[in-house]
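Have a look at the structure below before the remarks.
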Amino acid sequence: MKGSSRAFTRLILGICVALSSAAQAPPSAPVPPKPADDESALRAFAAIQPIDVHVHVFKTNPAFQQMLARLNLKLLNILVMDDTLPYRKQLQPQIDDALALAQSSRGRIALCTTFDPYKVDGASFDADAIKQIDRDFGQGAVAVKIWKNIGMEIENAGGQYILADDPKFDPIYKDISNHGKTLMAHQAEPDVAWGPPDPSDPSWSYYQENPQWYVANRPGFPSKQSILEARDHVLANNPKLRMVGVHLGSMERDLDNIAQHLDKYPNFAIDTAARMDYLMLMPTEKVREFLIKYQDRVLYGTDLDLLPDASFPNVLKDWQSTYARDWRFLATAETQNVYGKPVRGLNLPQPVLQNLFRGNAIRWIPGL
Ligand SMILES: [Zn+2]
């Protein structure tokens, strides 16, 4: 979830575009073509009956519901336990609110529940978590989320960071796969969280706003590789568990690495949430080939949010411009400016778009 950093990124993009065109355009240069209007992109997006498998919605209003209906859009609303945010500290109120939201949405907002990993050292941790998850399944939850606080925040009694393959989580993974549900796994962060400051990285502004997740030069902190290896152990140990590695499986700069994971683990898929910029900045042909080759393994997600303090007209504009921008990149050959760089759309074939925007969500997250 990174709503404000997205707005910041957009501001920077705007500035970059303005600066680069001011610096480069001679007075006689032809006027660049007007960017296509969002409306036609959104009409095409709606026609595919899209599913966004990665959002965080805390409230609704009639205009939001109308937008979902107009876009033929279904959402997977993902819960997260985060002890640094007041509205994410408590689990049961989040579940209650999300179930009420799902009920009021006329089938447009599904629930991905979670469990409380901060209680991992408690004697009845597993039993309590499984009881609660099963109750949520019974009320319609279709998936379970684990978040980056496993690997990057929560320590065991011995002061060691708990990783995703800790045996304490095993019964929970077994329970999820026994129910035929899906694990949405956000493990680790973009490379830049471990690296030197890099304002050109699409995620850099997030770490300026959330320095608690910037872990470069922290002695004793797990490496990104060790966190992702723990995630991979979960895949290997639970071949019947479907796992969606959100945010491009946290391998956002390395399509070859993602491909190797998809080849090695048939129970693994990825979502695109909050990482579309990375795809846009890679060589177009390589991304296109990847998305065609792995067209059954990539789910469309955004990480858009509707936080308790969001103001409605603005937030709806933000949602729609994100969908229009993503659609233009994936489905058309139009050129957009990304970080001051012209980026040509991938113009993916219609069957690939069907999988990416809808079919894979249904197959990988049954119940959606
Ligand atoms: Zn998210």
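The chain is numbered in sequence order, starting from 1. One-based numbering, in listed order, for ligands and for the atoms of each.
The distance from the Zn ion (ligand 1) to the nearest N/O/S atom of Asp303 is under 2.8 Å. Taking backbone and side chain together, His247 holds no N, O or S atom under 2.8 Å from the Zn ion (ligand 1). His186 lies apart from the Zn ion (ligand 1) in this respect, since none of its N, O or S atoms is found at a distance under 2.8 Å.
Atom NZ of Lys131 sits in a sparse spot, with 12 or fewer heavy atoms from other residues, nucleotides or ligands closer than 6.0 Å.
No other N/O/S atom of His54 lies as close to the Zn ion (ligand 1) as NE2 does. Looking at His56 and the Zn ion (ligand 1) together, the shortest N, O or S contact belongs to NE2.
Under a 4.0 Å N-O distance rule, the pair Arg231/Asp165 does not qualify as a salt bridge.
Aromatic ring centres of Tyr206 and Trp213 lie farther apart than the 6.0 Å criterion allows. Phe64 and Trp319 have their aromatic ring centers within a separation under 6.0 angstrom. Taking the six-membered ring where the residue is Trp, the centroids of Trp364 and Phe268 are separated by 6.0 Å or more.
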